[in-house]
2 protein chains.
Amino acid sequence: MRLNHVNELRLDTRDALRDAAEELYAEKGIDGVTTRGLAERAGVNMAAVNYHFRNKDNLTLEVFRDVARRTVKRRLDSLARIEAEAATENRAPHLWDVVEAFVDAYVNDDTPRTGILLAHLVLQHRVRPTEWTRAIVAQELDDFALRYMAVLHRAVPHLNEREVHWRYHLMVGAVMMSLSDQRTDGRMKRLSDGLANPEDRSQFRQELISFLVASFGSPCGGDGP
Amino acid sequence: MRLNHVNELRLDTRDALRDAAEELYAEKGIDGVTTRGLAERAGVNMAAVNYHFRNKDNLTLEVFRDVARRTVKRRLDSLARIEAEAATENRAPHLWDVVEAFVDAYVNDDTPRTGILLAHLVLQHRVRPTEWTRAIVAQELDDFALRYMAVLHRAVPHLNEREVHWRYHLMVGAVMMSLSDQRTDGRMKRLSDGLANPEDRSQFRQELISFLVASFGSPCGGDGP
DNA sequence: GCATGTTTCAAACATGCGCTTGAATCATGT
DNA sequence: ACATGATTCAAGCGCATGTTTGAAACATGC
């Protein structure tokens with residue numbers, strides 16, 4: 001049975017491992033976490049990872065799949081709300097709202113770790129795709145991406161389908177990289193002498209959204225040769 | 001002396017290793033390359049890596065430092081040309097030209113491997129910063145970034161300094177991620193049923209530039225709440 | 001043509017990793 | 001109280017990787 005003594009502070013060994021994994025992955029990145037470090041942080045024996053999760057990849061998969069699901073759920077809810085509001089007013093969704101729905105899933109005060117974890121997942125998948133990153137991206141994120149692009153397209157009808165695809169992916173790239181800057185490098189803050197500071201969440205949110213809205217904006221900004 | 005037989009096709013062992021490293025890093029990503037694989041591709045003994053480069057990190061550093069320098073040089077030349085032209089016409093540089101100078105260093109037909117190598121370097125630095133990634137970013141790329149932002153700011157005087165910093169970094173993120181999509185994942189092509197295809201270099205170049213120009217564009221695209 | 005410094009090579013070494021093992025401990029039903 | 005199954009634990013196995021080694025092969029100066 002899965003119960004320690006009554007009033008035991010720590011949860012299950014299994015849950016302790018999952019929590020420790022989420023913490024460590026957020027702190028050290030995916031490659032930086034070892035079975036030994038995981039067990040130590042969770043305060044359990046190393047073999048517990050294999051006992052409860054079969055292997056380390058499986059634990060990692062569970063952790064990141066949940067992060068992906070939480071994020072997707074949050075954004076789908078936002079999209080539904082945006083579409084409902086647009087429907088009652090009999091108009092297309094506002095670009096600003098659609099972009100905000102995307103960004104808010106990463107940059108919000110409720111779930112401060114989610115953004116950086118997702119960024120780790122996506123960057124890891126780009127740097128070194130594995131079975132489990134592929135599984136999460138394909139099973140949890142692809143459907144959402146298509147759904148999101150459908151709504152997005154209605155907000156930016158002046159773009160054709162190809163452009164919507166391109167700009168969606170470029171948007172994802174910009175957001176992921178800015179999230180990772182915040183944690184690993186601090187390059188933006190360093191180069192700007194602290195003027196541009198991703199640690200300031202409201203600044204982060206505002207700069208990100210205004211950049212993205214502009215990038216999707218109506219074709220009045222470009223002055224080609 | 002560093003010479004094999006006369007008319008020997010292969011270069012130095014040292015150069016053979018460097019070439020093999022550049023090839024393999026572009027193909028397999030940074031983590032996917034081992035000393036053994038490197039030696040095999042170069043057709044030399046494994047110990048040659050340590051004999052000629054002291055250790056593997058040092059070889060990697062040399063390879064990527066040169067890639068960084070080539071890229072930066074190309075862009076500095078472009079910037080100089082843009083500024084000269086702007087000066088003769090007594091005007092600020094055109095945003096379109098400045099963005100093009102950035103993108104062209106990655107997406108061009110002269111050096112097809114450079115873009116993906118740089119993307120690998122930057123993403124690696126974000127996913128798992130090490131001594132040698134830090135060294136290259138700080139020593140080879142930071143100065144350029146500041147120089148580039150100075151020119152950029154003159155092309156988009158309607159943005160303040162903070163916004164320029166933010167958008168420059170977001171631009172870098174978007175470009176890096178789209179480069180890596182092209183190689184590792186193919187997600188964009190998959191999700192769009194082939195409509196958006198980064199392998200098509202001219203499409204790549206065009207979509208990237210129009211996205212970026214729009215994102216810096218004058219503040220007419222955003223419709224905040 | 002031999003002596004000397006340089007380069008190559010097969011083999012082994014050291015380390016860190018994920019994972020397994022078999023015994024010990026714990027929780028529970030009867 | 002005992003039996004049974006679930007869980008924990010210290011120890012170590014197997015493997016891949018970067019690195020070292022000491023001898024052999026090579027090139028060069030005198």
Side-chain angles (χ1 to χ4, degrees), chain A residues 1-21 24-25 27-64 124 127-133 135, chain B residues 1-21 24-25 27-64 120 124 127-128 130-133 135:
Chain A
M1 274 286 277
R2 290 227 204 108
L3 255 183
N4 291 344
H5 302 147
V6 191
N7 284 345
E8 176 65 43
L9 259 175
R10 173 150 61 71
L11 310 158
D12 249 356
T13 297
R14 197 171 200 284
D15 293 340
L17 273 171
R18 283 190 50 140
D19 291 351
L24 280 181
Y25 282 131
E27 284 173 26
K28 307 195 170 190
I30 291 175
D31 277 359
V33 175
T34 69
T35 315
R36 287 167 176 81
L38 217 54
E40 192 177 353
R41 171 70 64 101
V44 306
N45 187 277
M46 203 182 51
V49 171
N50 302 89
Y51 180 78
H52 288 283
F53 295 91
R54 191 172 70 242
N55 57 41
K56 191 197 165 199
D57 272 9
N58 212 38
L59 164 57
T60 311
L61 174 72
E62 268 199 35
V63 168
F64 281 95
Q124 180 74 20
V127 166
R128 182 169 253 281
T130 61
E131 259 331 295
W132 68 265
T133 61
Chain B
M1 274 284 279
R2 291 227 202 107
L3 255 185
N4 289 345
H5 303 147
V6 190
N7 285 345
E8 174 67 42
L9 260 175
R10 172 149 62 70
L11 311 157
D12 247 358
T13 297
R14 198 173 200 281
D15 292 342
L17 273 171
R18 283 191 49 141
D19 290 352
L24 280 180
Y25 281 132
E27 281 173 28
K28 307 195 171 191
I30 292 176
D31 277 358
V33 175
T34 68
T35 314
R36 283 168 179 79
L38 218 55
E40 191 177 352
R41 172 69 64 102
V44 307
N45 187 277
M46 204 179 50
V49 171
N50 300 88
Y51 180 77
H52 288 284
F53 295 91
R54 189 172 71 243
N55 57 41
K56 191 194 164 203
D57 272 10
N58 213 39
L59 164 58
T60 311
L61 173 71
E62 268 199 36
V63 169
F64 281 95
H120 272 138
Q124 180 74 19
V127 165
R128 182 170 252 284
T130 61
E131 261 330 297
W132 67 266
T133 60

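Quick note: numbers below take in every heavy atom, side chains included, and nothing from hydrogens, waters or symmetry partners. Each chain gets a letter, A, B and so on, in the order the sequences are listed, and its residues count up from 1. For clarity, every value in this text was computed on a predicted model and none was experimentally measured.
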Here the pair of heavy atoms bringing B/Gly37 nearest to B/Leu24 is O-CD1, 3.7 Å
Got B/Asn45 and B/Tyr51 here, is their nearest side-chain heavy-atom distance under 4.5 Å? no
Any residue meeting side chain to side chain donor-acceptor pair (under 3.5 Å) with A/Asp31, in chain and number order, not counting sequence neighbours: A/Gln124
I'd like to know whether CD of A/Glu40 has more than 12 heavy-atom contacts from other residues, nucleotides or ligands below 6.0 angstrom. no
Please determine which of A/Val49, A/Thr13, A/Leu38 meets the side chain to side chain contact (heavy atoms under 4.5 Å, CB included) test together with A/Val44. A/Thr13
Nearest-angstrom distance from the residue atom [atom1] of [X] to [atom2] of [N]:
X	N	atom1	atom2	answer
A/Leu38	C/dG18	CG	C1'	12 Å
A/Asp15	D/dT7	CG	C1'	15 Å
B/Glu40	C/dC9	CD	P	14 Å
B/Arg14	C/dT6	CZ	P	15 Å
A/His52	D/dT7	NE2	P	6 Å
A/Asp12	D/dT8	CG	C1'	13 Å

One pair to check against side chain to side chain contact (heavy atoms under 4.5 Å, CB included): B/Glu62 and B/Phe53. What are the steps and the verdict? CA-CA 9 Å; B/Glu62 268 199 36; B/Phe53 295 91; 3.8 Å; yes
For DNA chain D, the dot-bracket pattern of Watson-Crick and G-U pairs whose distances stay under 3.5 Å, | for other-strand partners: ||||||||||||||||||||||||||||||
Reading nucleotides 10-20 of chain D from the 5' end, what letters show protein touch, with B for base, S for backbone sugar-phosphate only, - for no heavy atom under 4.0 Å? BBB----BBBB
When rounded to the nearest 0.5 angstrom, what distance separates OG1 in B/Thr60 from CZ in B/Arg18? 11.0 Å
Determine yes or no for a side-chain-to-main-chain donor-acceptor pair under 3.5 angstrom, with A/Thr133 supplying the side chain and A/Pro129 the backbone. no
For B/Thr13 and C/dT8, is the shortest distance between a side-chain N/O and OP1 or OP2 below 4.0 Å? yes
